[in-house]
There are 2 protein chains.
Amino acid sequence: MKTIEKSTPCELCMSRKFSLFSNLTEPHLCHLSDHKNFITHKKGQILFYEGTKPLGVFCINDGVVKVFKTASNGKEQIIRLAKKGDFLGYASLLGEESYSNSATIVEDAKICFVPRESFLKVLSEDTEFHRRVTKALCHDLGIMEDKLTDATQKSIRERLAFTLLKLSETYGIDGKEGEKIDIVLTREEIAGLVGTATETVIRLLSEFKKDELIDFEGKKILVLDKRGLARLSDFYG
Amino acid sequence: MKTIEKSTPCELCMSRKFSLFSNLTEPHLCHLSDHKNFITHKKGQILFYEGTKPLGVFCINDGVVKVFKTASNGKEQIIRLAKKGDFLGYASLLGEESYSNSATIVEDAKICFVPRESFLKVLSEDTEFHRRVTKALCHDLGIMEDKLTDATQKSIRERLAFTLLKLSETYGIDGKEGEKIDIVLTREEIAGLVGTATETVIRLLSEFKKDELIDFEGKKILVLDKRGLARLSDFYG
DNA sequence: CAGATAACATGACATATATCACATTAATTA
DNA sequence: TAATTAATGTGATATATGTCATGTTATCTG
């Protein structure tokens, strides 16, 4: 299933440019290159499970990974979608806790695994890197506060509209017919992202389509009217 | 309004024992003592506003502070209640962002303000301290993930029951008639904590009382039946 | 390619919860 | 202590959304 291949060394890795590893020293990059593990993952595969111990950090070279929690009712709450340049599992590692969430592949991915010791070595030797990691954690915390507030104070319709806007921001590619959200998510996954039932997403999406806010192109969503979605999502008070 | 008084030096501060500052070196503690600012705050006063720039870190010596976001509908979503030994505002400071939330005093508080420079100095000079801060941030992130999942997947009744359990865990003092939650929160504040409307909290609380899960003693809540609340809060699948 | 499975869709229905309006009680302030 | 204001409580009502049932379509797998 999982394939281990020859991979680009970290020094030459392009997706690194946009990641927390962007400004490491040459020796540290070499150290990571020597110890990392490059693996190709197919859609649906599992990176790690909630409750298990983190043995290192995942660094996405390409593809999309969903990070989610399984609620007591069995539904998945997607915490975030991670893409090229994103790190996974470092919060649990640095928090010295078991994984607080699970991660599975949404779009075929190339991922480097950096073992715990290597990551911690770089972290302790490069204060500037540690500072950037801290900063990223703080930023994520602010995002989670926003998400919590939205979850409790906004309607599902508002949240779905907002989710579509966010997705188009991250995965949008311009086309003649509006912006295409270039990532395949099932309705169930969108529901997990918004925090609602699959049927509700289906209904609301076709409502949005009827209102000409979006359209469908195969399995992908076309955003036709960003302002309309922004209005719906209660962007401004 | 705000009173500046002589205060215990950090070296002798008792609430420090349970805080992130617990294991600092003597010189660093002295540095903090020299530069901190001890202020007594009364209920209702504001510590900082969302959107403003953090100039330092608040360290609670005594009292209770609510950290909240104001949603677009005007309601307050309480992110957390901070108590003795807790830090405030460090995430925004370290994230190099404006405050992502606001903070006001819920119970009269004694709070030390540590200016940005002093905090950053200690952070950069004491790697172990930096590691503990990082660890705390990671832990908070996990908590926020739980909260988000609960917010989207659980009912208000479940969340209220859970909130009461959490409050009794933190502020509970044993009495003959069950455990008293020794903190005064308005129904509106409980609503902000749960993420619901004030009226809903009022109704559910009297339902809980009718079902002999809780009772009221003045403005405070008595938890009579923890297991009952745990069952209601869907603690186990 | 057939059969199985997953994804999508739609209808019917129940209900938890938000909202609005108003009454009562408690707390604050002049 | 009267007068305001804040907090609590209750009733009526609307509705968004979850749930269940069922059907259709697409996708996967042997």
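Each chain gets a letter, A, B and so on, in the order its sequence line appears, and its residues count up from 1.
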Crowding at [atom1], [X] (>12 non-hydrogen neighbours, <6.0 Å):
X      : atom1 : answer
B/E207 : CD    : yes
A/E188 : CD    : no
A/F216 : CZ    : yes

Could you state the atom-to-atom distance from [atom1] of [X] to [atom2] of [N] in whole Å?
X      : N      : atom1 : atom2 : answer
B/E207 : D/dT8  : CD    : P     : 18 Å
A/R187 : D/dA26 : CZ    : C1'   : 12 Å
B/R159 : C/dA16 : CZ    : P     : 15 Å
A/N73  : D/dT17 : CG    : P     : 17 Å
A/L160 : D/dT17 : CG    : P     : 10 Å
B/E189 : D/dA6  : CD    : P     : 14 Å
A/Q153 : C/dT17 : CD    : C1'   : 13 Å
A/L185 : C/dA6  : CG    : P     : 19 Å

So does [X] get a side-chain nitrogen or oxygen closer than 4.0 Å to the phosphate oxygens (OP1/OP2) of [N]?
X      : N      : value
B/S206 : D/dG9  : no
B/K75  : C/dT19 : yes
B/R157 : C/dA16 : no
A/T196 : D/dG18 : yes
B/K219 : D/dA7  : no
A/T200 : D/dG18 : yes
B/T186 : D/dA7  : no
A/R203 : C/dT10 : no

### Task
State plainly whether the residues B/K69 and B/E76 are in salt-bridge range, i.e. N to O under 4.0 Å.
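Salt bridge: no.
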
#### Entry: Salt-bridge criterion met for B/K66 and B/E189 (N-O under 4.0 Å)
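Salt bridge present between B/K66 and B/E189.
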
### Which residue lies more 5' along DNA chain D, comparing A/E158 with A/E199 via nearest heavy atoms
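Final value for this comparison: A/E158.
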
### Query
Under 4.0 angstrom, heavy atoms only, what part of the nucleic acid is B/I202 near: base, sugar-phosphate, or nothing?
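The residue B/I202 makes base contact.
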
